[in-house]
Amino acid sequence: MKVKTVIKTKKRTIKAFPPFRTKRLPSFSRWVNATIKKTTKKIPTTTIRKIYTTTTKKIPTTTIRKINTTTTKKINTTTIKKITTTKTIVATNNAVPVNSATNNNQIYQPKPGTKFQWQLSNCEKVNTSIDADVFDIDLFETPASKIRELKNKGKKVICYFSGGTIESWRDDAEDFLNKGVVLEEMEDWEDENWLNINSSKLKPLIQKRFNMAVEKGCDGVEIDNVDGYTFDENDFTYNQQLKFNKWLSEEAHKRNLSIGLKNDMDQIKDLLPHFDWALNEECYEYGECEKYKPFIQANKAVFGVSYITGSKKIADACKKANELKLDYQIKNINLDASRIDCSVYK
C-alpha cells in the first residue's frame, strides 16, 4: 500500500504520492520551446530584472536587447524594427472578423478515436506523411504552406501557443514587456515568464495570436500554461484562472477555432462545456488519466502523451489509455515527428 506523504510549501500543503511530486511539472512542450529555438530572436533573461509584487511592477524594456542570430544584427528596443522572412505572418488585432454569428463554419470537435500527431520541434519541416487525423503544431514556427499542405490532405490543424506565459524568443515578446503584463520567471524554465492573466492589457495581445491562427489557416488552438494558479510563484486564484480560461474559449469560438483544454485537470468540471477536446501530458505516470472521463462521456476527444521508455511500460500505458478511450501516444521529450501510436495495442 502506498503511503501518502505531506509536503509543506510556502503557500499551501500539498498531498502527494511518491516520487514526492510537490506540484505539476511544467509541460514538456515548454521544454521544447525553451531548448530548440536557438536560431530565433531571443531576449536574454540575464539582462531582465524580474520584479514581481502584488502591484505588478513593470519590467524596464530599455535594458533589453534582442539578438537575432539568423541576421546577427542587434536590435535596440527603443527603435525596434521587426525583421521577418517570407515564412513569417504578422497578425494584427483587427485582421480577422470575430463575429461568429455571421459565419456558418462549424467549429471542429474531435471525437474519441481521432488519431492525432503532436510535433512542436522542427516545425519548418512538419512530417505530413504521419497517419493521423489531427496535427498539433507550433503556431509561430510552422509555415502557412505546411498548414495548407496538411489541409489539402484532409487533415485538421491545431496550432500551439502559450497563453499563460511569454517565451522571450517569440516575435511578439516585446509587446508583452511594453504592456507591463510580464510577471515572475517560471521556476526552472529559463527565458519564460508568467503573464498577468488579470490584466486587461493582456487580452489584446492574446487576441493577436488568435488572429494569427486564423490567418495561417489553423482549425483550432492548443493554448499552453492555463493552470498557472497551481504554481507557487503565482498568486492567481481558482476563480481568476477559471475566468481567464473561459475567456480564451470565447475568443477561440468567436473565430470559429476549436480549442482544447491543456492539462488543468482540476477545472474540468467547470470548463468541460467550454472546451472542444483536451490534451494531457503524463496522466499515466501520475495516475490521473481517469480524471478525463467527463470529456469522453461528452464524446469529446482526449489526446494524451507520455514520455516513457521500455516495452513493458509502454504497453501498460497504452493498454490503460485504450481502456479509457484516450487517444494516446508515446513521444520523445523534444516532441519531434517520431511517436508510438497506442492504437496498435488494441
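Heavy-atom basis, side chains included; hydrogens, waters and symmetry copies ignored.
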Of all heavy-atom pairs between [X] and [Y], which one has the smallest distance, and what is that distance?
{"X": "R339", "Y": "F116", "answer": "NH1-O, 2.7 Å"}
{"X": "C218", "Y": "I147", "answer": "SG-CD1, 4.0 Å"}
{"X": "D235", "Y": "Q240", "answer": "O-OE1, 4.0 Å"}
{"X": "S121", "Y": "N334", "answer": "OG-O, 2.9 Å"}
{"X": "C283", "Y": "L326", "answer": "SG-CD1, 4.2 Å"}
{"X": "A337", "Y": "Q117", "answer": "O-NE2, 2.8 Å"}

Salt-bridge test for [X] and [Y]: reply yes if a basic N is under 4.0 Å from a carboxylate O, no otherwise.
{"X": "E141", "Y": "R170", "value": "yes"}
{"X": "E251", "Y": "R255", "value": "yes"}
{"X": "D219", "Y": "K155", "value": "no"}
{"X": "K312", "Y": "D316", "value": "no"}

### Message
For W277 and F303, take the angle between the two ring planes, folded into 0 to 90°, and tell me which bin it lands in: parallel under 30, tilted 30 to 60, perpendicular over 60.
### Response
tilted

State, with a plain yes or no, whether a side-chain heavy atom of [X] is found less than 4.5 Å away from one of [Y].
{"X": "F176", "Y": "L202", "value": "yes"}
{"X": "Y286", "Y": "N280", "value": "no"}
{"X": "L279", "Y": "L261", "value": "no"}
{"X": "L139", "Y": "V221", "value": "no"}
{"X": "M212", "Y": "F161", "value": "no"}
{"X": "E187", "Y": "F231", "value": "no"}
{"X": "H253", "Y": "I259", "value": "yes"}
{"X": "P110", "Y": "K156", "value": "no"}

### Message
Could you work out, with side-chain hydrogen bond (donor to acceptor under 3.5 Å, both in side chains) as the rule, every residue matching Q119, not counting sequence neighbours?
### Response
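If we apply the side-chain hydrogen bond (donor to acceptor under 3.5 Å, both in side chains) test to Q119, skipping adjacent residues, there are no hits.
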
According to a hydrophobic-cluster definition based on side-chain heavy atoms being under 4.5 Å apart (Ile, Leu, Val, Met, Phe, Trp, Tyr only), do [X] and [Y] belong together?
{"X": "F275", "Y": "I296", "answer": "yes"}
{"X": "L177", "Y": "F140", "answer": "yes"}
{"X": "F135", "Y": "I107", "answer": "no"}
{"X": "F210", "Y": "I197", "answer": "yes"}
{"X": "L257", "Y": "L150", "answer": "no"}

Between [X] and [Y], is there a donor-acceptor pair closer than 3.5 Å when you use the side chain of the first and the backbone of the second?
{"X": "S249", "Y": "H274", "result": "yes"}
{"X": "N234", "Y": "Y229", "result": "no"}
{"X": "D133", "Y": "K115", "result": "yes"}
{"X": "T142", "Y": "I137", "result": "no"}
{"X": "K151", "Y": "G217", "result": "yes"}
{"X": "Q267", "Y": "Y238", "result": "yes"}
{"X": "S258", "Y": "Y108", "result": "yes"}
{"X": "D138", "Y": "L120", "result": "no"}
{"X": "D341", "Y": "S343", "result": "yes"}
{"X": "K201", "Y": "G180", "result": "no"}

Any luck finding a side-chain donor-acceptor pair between [X] and [Y] under 3.5 Å?
{"X": "N322", "Y": "Y345", "result": "no"}
{"X": "T237", "Y": "N239", "result": "no"}
{"X": "Q241", "Y": "N245", "result": "yes"}

### Message
Determine whether T114 and D327 satisfy the following criterion, side-chain hydrogen bond (donor to acceptor under 3.5 Å, both in side chains), listing intermediate values before the conclusion.
### Response
CA-CA 7 Å; T114 302; D327 300 292; 5.3 Å; no

### Message
Tell me which one of E285, E281, K331 satisfies side-chain hydrogen bond (donor to acceptor under 3.5 Å, both in side chains) with Y307.
### Response
E281

### Message
Quick check on the 6.0 Å ring-centre criterion: do F236 and W194 meet it?
### Response
no

Give, for atom [atom1] of [X] and atom [atom2] of [Y], the distance between the pair rounded to the nearest 0.5 Å.
{"X": "C342", "Y": "Q329", "atom1": "SG", "atom2": "CD", "result": "8.0 Å"}
{"X": "T165", "Y": "E167", "atom1": "OG1", "atom2": "CD", "result": "5.0 Å"}
{"X": "C289", "Y": "E282", "atom1": "SG", "atom2": "CD", "result": "10.5 Å"}
{"X": "D264", "Y": "T230", "atom1": "CG", "atom2": "OG1", "result": "7.5 Å"}
{"X": "L183", "Y": "N196", "atom1": "CG", "atom2": "CG", "result": "4.5 Å"}
{"X": "T128", "Y": "K125", "atom1": "OG1", "atom2": "NZ", "result": "13.5 Å"}

### Residues in salt bridge (charged side-chain N to carboxylate O under 4.0 Å, His left out) contact with K146, at least two apart in sequence or another chain
E149

#### Entry: Qualifying residue for salt bridge (Lys or Arg N to Asp or Glu O under 4.0 Å) with R209, from D171, D172, D175
D172

